Amino acid sequence: QKSSGQAACVVALTVIELVEHVPDRKLVKDRTYTVGVVILAVFQGVDLLLVIFTSVKLAKQVLHHTASNLFLMQSYLSTLLLFAGLYTLIHRLDTTSFMGTPQESGDKSVLIVELFLWMIYFSASNSTLCGSSKIHPEVWYSTVFVIIQV
């Protein structure tokens, strides 16, 4: 369920970005950027509520020794995808918030799909505490989210 919601969000944002790349349409580009950020923020807010609900359920199951391996894996993956989405949202709002992303070099043609995949990689690197990702937070508010995930 969680991954299908994130997939729907990424597909919607990709379609919006493809409309944004229409030449000589500045007004369309401004509106599509705003719509894209709003869609991403709404999806991440809903995902955050779902992760909180799932975490409470997981805590109860662990307390009663009824947590299954499948549910543990789903909880881990939902948290991983939530933070990847949050990192993507932060980066969309401020492209200087993370260094090591494709847009760092000023390449504005990077679609949300590619950025989201990079942020999944970064989120997985953080959640496993290996820190091998070349992406790192550059400003205080992106650092706060990384600390929360760890």
Side-chain angles (χ1 to χ4, degrees), residues 1-21 25-60 62-63 67 71-150:
Q1 293 172 338
K2 172 77 173 146
S3 60
S4 63
Q6 286 287 12
C9 179
V10 170
V11 167
L13 291 173
T14 301
V15 169
I16 288 171
E17 279 193 345
L18 291 175
V19 170
E20 184 178 272
H21 289 291
R25 307 262 325 256
K26 179 155 177 41
L27 183 60
V28 170
K29 290 179 183 182
D30 292 342
R31 285 186 182 162
T32 57
Y33 175 79
T34 304
V35 168
V37 167
V38 168
I39 288 173
L40 191 55
V42 168
F43 268 87
Q44 296 317 306
V46 170
D47 288 344
L48 179 61
L49 292 175
L50 290 173
V51 166
I52 290 170
F53 173 76
T54 303
S55 297
V56 169
K57 185 176 177 182
L58 177 63
K60 287 179 182 178
V62 168
L63 184 66
F71 190 64
L72 288 171
M73 183 184 70
Q74 288 175 336
S75 298
Y76 171 74
L77 289 176
S78 66
T79 303
L80 187 92
L81 291 173
L82 170 69
F83 278 96
L86 289 172
Y87 297 147
T88 303
L89 176 62
I90 292 169
H91 193 274
R92 289 283 290 175
L93 293 172
D94 179 9
T95 57
T96 65
S97 59
F98 289 95
M99 299 307 283
T101 63
Q103 289 181 327
E104 176 189 347
S105 61
D107 183 7
K108 301 294 183 191
S109 63
V110 176
L111 291 176
I112 194 83
V113 173
E114 184 180 354
L115 181 61
F116 186 70
L117 290 174
W118 276 102
M119 292 306 181
I120 288 175
Y121 169 66
F122 176 64
S123 181
S125 176
N126 283 338
S127 66
T128 59
L129 300 175
C130 73
S132 65
S133 173
K134 72 174 188 170
I135 301 172
H136 61 277
E138 192 65 23
V139 295
W140 70 270
Y141 46 86
S142 57
T143 304
V144 168
F145 280 97
V146 172
I147 291 170
I148 291 170
Q149 182 183 10
V150 173

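All figures in this text were calculated on a predicted structure; none of them were measured in a lab. All values below come from the heavy atoms of this structure, side chains included, with hydrogens, waters and symmetry mates left out.
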- Task: For Q149 and S123, test the side chains for any donor-to-acceptor distance below 3.5 angstrom and give the result as yes or no.
- Result: yes
- Query: Using the ring of each side chain (for Trp, its six-membered ring), is Y121 parallel, tilted or perpendicular to W118, with breaks at 30° and 60°?
  - Reply: perpendicular
- Establish, from distance only, whether the side-chain atoms of S127 and Y76 form a donor-acceptor pair under 3.5 Å. yes
- Closest non-hydrogen atoms of L82 and Q44, given as atom of the first, atom of the second and distance, are O-OE1, 3.3 Å
- Query: From T54 OG1 over to L49 CG, what is the distance, rounded to the nearest 0.5 angstrom?
  - Reply: 10.5 Å
- Message: Could you report the tightest heavy-atom contact between V139 and T96, atom names first, then the distance?
- Response: CG1-O, 4.2 Å
- Query: Which pair of non-hydrogen atoms, one from V146 and one from P137, has the smallest distance, and what is that distance?
  - Reply: CG2-CG, 3.9 Å
- Message: Can you tell me how far apart OG1 (T143) and CD1 (I148) are? Round to the nearest 0.5 Å.
- Response: 11.0 Å
- Within the side chain of T95, is there an N or O that forms a donor-acceptor pair under 3.5 Å with the backbone of H91? no
- Task: State, yes or no, whether a side-chain contact exists between Y87 and I135 at a heavy-atom distance under 4.5 Å.
- Result: no
- Value rounded to 0.5 Å, distance of CD1 in I52 from NZ in K57: 16.0 Å
- Task: Nearest 0.5 Å please: distance from the CG atom of L86 over to the CG atom of D47.
- Result: 8.5 Å
- Query: Side-chain contact, heavy-atom cut-off 4.5 Å: F116 with I120?
  - Reply: yes
- Query: F145 versus I90: any side-chain heavy-atom pair under 4.5 Å?
  - Reply: yes
- Atom OG in S125, atom CG in L80: separation rounded to 0.5 Å? 10.5 Å
- Specify the closest pair of heavy atoms between H136 and E138, including all atoms of both residues, with the distance to one decimal. NE2-OE1, 3.5 Å
- Query: Rounded to the nearest 0.5 Å, what separation is found between the OG atom of S78 and the CZ atom of F83?
  - Reply: 10.5 Å
